[in-house]
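First comes the structure, then the notes that go with it.
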Amino acid sequence: MLVVDDDEVIRQLIAVNLTLEGFQVETATDGQDCLDRVRDVKPDVITLDVMMPRLDGWTTATRLRSGPDTGHIKVVLITARAQEEDKRRGEEIGVHAYLPKPFDPAELIQVVRDLLPGRG
């Protein structure tokens, strides 16, 4: 798992909840940090904020989905941008799940489990 959010409190909240459920979690501070680390971390799932400095979540998700080494990674957008237009944009990019902030940690855990074979 790779948790990507520029807000340290939210990043740690997500990471702690997933770690407590037995997931191995690494973190990144923004989209560029995510892309710099993804090949070393080799995550099955990435949780991704949309509004971040340097490289936003939309661009990061697009690059992940189109990359030959990263296209298989499941992407979960976790964002305050919860308008229908935003959800459609996520679907067009090919993200696997969309959770609006504030999110329910139990829902996040279930979404991640559903995305991982053998963990559901």
Side-chain angles (χ1 to χ4, degrees):
M1 291 269 342
L2 184 58
V3 173
V4 186
D5 199 301
D6 61 315
D7 184 312
E8 183 177 358
V9 172
I10 294 173
R11 189 172 60 244
Q12 291 306 317
L13 174 68
I14 295 168
V16 165
N17 277 282
L18 292 169
T19 300
L20 288 172
E21 291 297 316
F23 296 103
Q24 182 178 349
V25 179
E26 298 285 334
T27 62
T29 57
D30 61 31
Q32 187 60 56
D33 191 24
C34 170
L35 295 177
D36 290 345
R37 300 195 62 219
V38 71
R39 283 174 182 78
D40 292 331
V41 174
K42 295 181 175 56
D44 294 317
V45 176
I46 295 174
T47 66
L48 189 59
D49 186 19
V50 170
M51 295 180 287
M52 296 182 291
R54 292 204 302 164
L55 195 61
D56 67 33
W58 301 121
T59 305
T60 304
T62 299
R63 290 184 185 175
L64 288 167
R65 300 300 302 136
S66 64
D69 297 335
T70 58
H72 68 283
I73 299 170
K74 308 288 195 256
V75 176
V76 179
L77 289 180
I78 303 177
T79 180
R81 306 232 5 191
Q83 302 299 320
E84 281 303 314
E85 174 184 324
D86 298 313
K87 292 178 184 178
R88 274 194 301 277
R89 186 172 179 186
E91 289 172 6
E92 290 169 7
I93 291 170
V95 300
H96 298 85
Y98 194 103
L99 291 175
K101 288 179 183 174
F103 61 92
D104 176 359
E107 183 180 7
L108 168 66
I109 291 162
Q110 190 59 53
V111 165
V112 171
R113 280 188 180 142
D114 289 347
L115 292 174
L116 292 173
R119 294 290 303 247

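Every heavy atom of this structure was used, including side-chain atoms; hydrogens, water molecules and symmetry mates were not. Count residues from 1 along the sequence.
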For the [atom1] atom of [X] and the [atom2] atom of [Y], what is their distance to the nearest 0.5 Å?
{"X": "Leu18", "Y": "Gln24", "atom1": "CG", "atom2": "CD", "value": "12.0 Å"}
{"X": "His72", "Y": "Asp44", "atom1": "NE2", "atom2": "CG", "value": "6.5 Å"}
{"X": "Ile46", "Y": "Leu2", "atom1": "CD1", "atom2": "CG", "value": "5.0 Å"}
{"X": "Glu92", "Y": "Arg89", "atom1": "CD", "atom2": "CZ", "value": "8.5 Å"}

* Structure fact -> For Asp30, the side-chain hydrogen bond (donor to acceptor under 3.5 Å, both in side chains) test, sequence neighbours excluded, returns Arg54
* Got a sec, which residues hit side-chain hydrogen bond (donor to acceptor under 3.5 Å, both in side chains) with Lys42, two or more places apart in sequence or on another chain? -> none
* Tell me whether Met51 is reachable from Leu77 by hopping between hydrophobic residues (I, L, V, M, F, W, Y) whose side-chain heavy atoms are closer than 4.5 Å. => yes
* To do: Verify the cluster assignment for Leu99 and Leu116: are they in a single hydrophobic cluster under the rule of side-chain heavy atoms below 4.5 Å apart?
  => yes
Considering only distance and modelled atom types, tabulate donor-acceptor pairs under 3.5 Å from the side chains of residues 55-63, sequence neighbours left out.
residue: Asp56; atom: OD1; partner: Trp58; partner atom: N; Å: 3.0
residue: Asp56; atom: OD1; partner: Thr59; partner atom: N; Å: 2.7
residue: Asp56; atom: OD1; partner: Thr59; partner atom: OG1; Å: 3.0
residue: Thr60; atom: OG1; partner: Asp56; partner atom: O; Å: 2.7
residue: Thr62; atom: OG1; partner: Trp58; partner atom: O; Å: 2.9

* Measure from the side-chain N and O atoms of His96 to the backbone N and O of Val76, and report whether any donor-acceptor pair falls under 3.5 Å. => no
* Structure fact -> Residues passing the side chain to side chain contact (heavy atoms under 4.5 Å, CB included) test with Glu8, sequence neighbours excluded, are Arg11, Gln12
* Please check if any side-chain donor atom of Gln110 sits under 3.5 Å from a side-chain acceptor atom of Asp114, or the reverse. => yes
* Structure fact -> Ile73 and Arg65 have their tightest heavy-atom pair at O-NH1, 3.2 Å
Throw together a table of side-chain donor-acceptor distances under 3.5 angstrom for residues 31-38, partners on residues two or more places apart or in other chains.
residue: Gln32; atom: NE2; partner: Asp36; partner atom: OD1; Å: 2.9
residue: Asp33; atom: OD2; partner: Thr29; partner atom: N; Å: 2.8
residue: Asp33; atom: OD2; partner: Thr29; partner atom: OG1; Å: 3.3
residue: Arg37; atom: NH1; partner: Thr27; partner atom: O; Å: 2.3
residue: Arg37; atom: NH2; partner: Glu26; partner atom: OE1; Å: 3.3

* Quick one: salt bridge (charged side-chain N to carboxylate O under 4.0 Å, His left out) pairs with a partner in residues 93-109, sequence neighbours left out? -> Asp5-Lys101, Asp49-Lys101
* To do: State, yes or no, whether a side-chain contact exists between Phe23 and Val45 at a heavy-atom distance under 4.5 Å.
  => no
* Check whether any side-chain heavy atom of Val50 sits under 4.5 Å from a side-chain heavy atom of Asp86, and report yes or no. => no
